[in-house]
2 protein chains.
Amino acid sequence: MPKVIHDEDIFEVTINALLAHGFAGAKTKEIAEAAGVSEVTLYRKYGSKAQLVAAAINYQLRPFEENNFRYTGDLAADLKRIIELYDRSTGRDIDLFPQIFSEMVRYPELKGTLAGPFSLISNFGKLITRYQSEGKLREQHPLHTVGALLGPLIINKMLRNADPDIPIPPIDLEAHIDQFIDGHKR
Amino acid sequence: MPKVIHDEDIFEVTINALLAHGFAGAKTKEIAEAAGVSEVTLYRKYGSKAQLVAAAINYQLRPFEENNFRYTGDLAADLKRIIELYDRSTGRDIDLFPQIFSEMVRYPELKGTLAGPFSLISNFGKLITRYQSEGKLREQHPLHTVGALLGPLIINKMLRNADPDIPIPPIDLEAHIDQFIDGHKR
DNA sequence: TTCTTTTGCAAGTCAAAACTTGCAAAAGAA
DNA sequence: TTCTTTTGCAAGTTTTGACTTGCAAAAGAA
């Protein structure tokens with residue numbers, strides 16, 4: 001009974017497993033079950049767990065096209081677009097980004113997967129640089145600026161996820177951006 | 001030949017292994033070798049890998065006494081003391097904190113270990129709250145404020161560690177604190 | 001010296017989880 | 001219908017890594 005299998009469904013499940021259990025903790029058997037697919041099928045389609053995860057991450061990063069980091073001249077709008085995309089794309093209360101940059105980095109099998117995320121960050125940095133040279137943002141290493149913008153959001157999600165019992169409210173994005181711009185103009 | 005074994009040496013090695021490979025990736029065999037101790041000894045002394053890690057984390061958090069989060073009335077000085085302690089205590093270019101709050105959280109065996117870190121964060125929050133009520137910091141959820149202070153530092157370390165080839169300079173702590181205070185006064 | 005404690009070493013056990021293989025069944029294409 | 005492709009199922013193999021056990025050797029205490 002060759003079922004029609006949609007890669008996207010499998011990728012969704014894979015990402016969820018990744019967020020919930022990490023790379024080592026995401027079992028192919030559980031992914032298969034959750035996706036309603038046999039484990040064998042996973043291996044036949046993707047070859048290995050690492051390749052499956054790589055494909056799933058690429059899929060998840062799909063919404064982040066270069067276009068999203070374009071310069072429009074409106075700093076607040078550009079930042080808001082990116083941040084909201086970022087926030088929405090993770091949806092769940094955890095983040096792929098810290099996971100990629102701290103956990104995934106350790107697995108040589110996933111080396112190739114990192115190019116995408118790095119290029120995103122780099123594109124973001126370029127946008128920042130442009131606003132800096134325009135005088136709309138204080139001069140500093142662009143990735144420091146990116147960190148200042150994303151860091152608080154990431155930590156917030158991290159803490160919220162770490163102990164759901166401690167009620168830490170989510171960060172208000174609009175307010176955060178306004179405050180960021182205010183604190184980073186020169 | 002009962003060698004004299006210092007727990008601290010083993011804990012150091014364990015923390016390093018943890019930072020380098022994560023909990024799942026830190027092999028007891030490798031920890032034993034790196035510490036110059038037999039694997040059997042580890043199990044005899046600490047019972048299990050989880051208990052060893054728990055002990056090592058507690059050891060690593062030792063410098064953070066409640067006293068470090070005391071209120072002196074000098075906001076800049078208090079923040080600086082904490083941040084520098086934080087920065088120095090990790091020493092290496094990675095951070096235990098994000099690791100604890102994102103990876104360790106997943107291992108039920110380590111549940112008990114989380115109380116310490118959470119209480120640190122909480123103490124920090126209380127200090128923030130006090131400065132807020134004094135009017136020296138803008139009112140917002142104290143853990144948001146903590147995130148705004150630590151987030152950029154953590155992201156910086158994370159990126160620097162993720163790809164040592166991309167030269168991202170470390171953040172200047174003094175400047176960061178000044179800028180933080182400036183951006184968070186009301 | 002003698003007893004106790006602590007360690008190392010060698011050689012395991014055990015379980016989990018990634019990955020494989022052969023066969024049968026179903027859907028779609030020709 | 002017939003052939004090809006894709007899937008599931010059952011039952012593997014293989015590796016790895018946590019954890020154990022028995023025995024001998026060394027240090028310190030009494």
Side-chain angles (χ1 to χ4, degrees), chain A residues 1-57 59 99 103-113, chain B residues 1-57 59 99 103-113:
Chain A
M1 66 178 80
K3 208 170 23 184
V4 179
I5 291 181
H6 300 286
D7 285 326
E8 308 84 46
D9 297 341
I10 295 182
F11 293 159
E12 283 289 338
V13 170
T14 302
I15 295 289
N16 283 334
L18 223 49
L19 290 175
H21 309 295
F23 182 74
K27 326 275 170 70
T28 55
K29 192 179 172 191
E30 290 175 6
I31 293 175
E33 275 171 20
V37 161
S38 107
E39 197 184 359
V40 191
T41 300
L42 289 187
Y43 282 96
R44 279 198 276 241
K45 285 177 85 81
Y46 309 105
S48 71
K49 175 173 161 180
Q51 285 171 285
L52 167 60
V53 166
I57 288 181
Y59 168 81
Q99 191 134 7
E103 191 192 1
M104 306 293 185
V105 173
R106 300 195 195 108
Y107 299 88
E109 319 96 279
L110 295 177
K111 253 302 191 311
T113 315
Chain B
M1 62 178 81
K3 207 171 21 184
V4 179
I5 290 182
H6 299 287
D7 285 325
E8 308 86 44
D9 297 340
I10 295 182
F11 293 159
E12 284 288 339
V13 170
T14 302
I15 295 287
N16 284 332
L18 224 49
L19 290 176
H21 309 295
F23 181 74
K27 326 274 170 69
T28 54
K29 192 180 172 190
E30 291 174 6
I31 294 176
E33 274 170 21
V37 161
S38 105
E39 198 183 357
V40 191
T41 300
L42 290 187
Y43 282 96
R44 279 197 277 239
K45 285 178 85 81
Y46 309 106
S48 71
K49 175 173 160 179
Q51 284 171 285
L52 166 60
V53 166
I57 289 181
Y59 167 80
Q99 192 135 4
E103 191 192 1
M104 307 292 185
V105 172
R106 300 194 195 109
Y107 298 87
E109 318 97 279
L110 296 176
K111 254 300 193 307
T113 315

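Note that the structure is a prediction, hence the values are computed from the model and not measured. Chain letters run A, B, ... following the sequence lines, proteins first and then strands; every chain starts at 1.
Checking D/dC19, C/dC19, D/dG8 against the side-chain heavy atoms of A/Lys49 singles out C/dC19 as nearest. Between C/dG22, C/dT7, C/dA10, one nucleotide has an atom nearer to the side chain of B/Val40 than all others, and that is C/dA10. For A/Arg44, whose side chain is taken as the heavy atoms from C-beta onward, the closest listed nucleotide among C/dA17, D/dT7, C/dC19 is D/dT7. The side chain of A/Tyr43 approaches C/dA18 more closely than any other nucleotide in the set D/dC19, C/dA18, C/dG8. Considering only side-chain atoms of B/Ser38, the nucleotide from C/dC19, D/dC9, C/dG8 that sits closest is C/dG8.
For A/Lys29, no side-chain nitrogen or oxygen approaches OP1 or OP2 of C/dA16 to under 4.0 Å. Contact annotation: B/Thr28 reaches the phosphate of D/dA18 (side-chain N/O to OP1 or OP2, under 4.0 Å).
A donor-acceptor contact shorter than 3.5 Å links the side chain of B/Gln99 to the backbone of B/Leu18.
Atom P of nucleotide C/dA10 and atom CD of B/Glu39 are separated by 13 Å, given to the nearest angstrom. Going from atom CD of B/Gln51 over to atom P of D/dC19 covers 9 Å, rounded to whole Å. Distance, A/Leu42 CG to D/dG8 P: 9 Å, rounded to whole Å. Straight-line distance from the NE2 atom of B/His21 to the P atom of D/dA18: 12 Å, rounded to whole Å. The nearest whole Å value for the distance from the CG atom in B/Leu110 to the P atom in D/dA18 is 13 Å. For the pair B/Tyr107 OH and C/dA16 C1', the interatomic distance rounds to 14 Å; values are reported in whole Å. Counting to the nearest Å, the P atom of C/dT6 and the NE2 atom of B/His6 are 15 Å from each other. Atoms OH (B/Tyr46) and C1' (D/dA18) sit 17 Å apart, rounded to a whole Å.
Minimum interatomic distance between A/Thr28 and A/Leu42 (heavy atoms only, all atoms of both residues): O-CD1, 3.7 Å. The two residues A/Ala32 and A/Ser38 make their nearest non-hydrogen contact at CB-C, 3.9 Å. Minimum interatomic distance between B/Ile31 and B/Ala26 (heavy atoms only, all atoms of both residues): CD1-CB, 4.4 Å.
Searching all strands for a Watson-Crick or G-U wobble partner of D/dA29 with both distances below 3.5 Å returns C/dT2. Using the Watson-Crick or G-U wobble rule with both distances under 3.5 Å, C/dT20 pairs with D/dA11. In this entry C/dA15 has D/dT16 as its Watson-Crick or G-U wobble partner, both defining distances falling under 3.5 Å.
Expressed to the nearest 0.5 Å, how far NZ of A/Lys49 lies from CZ of A/Phe23 amounts to 5.0 Å.
No contact: A/Ala50 has no heavy atom under 4.0 Å from any strand.
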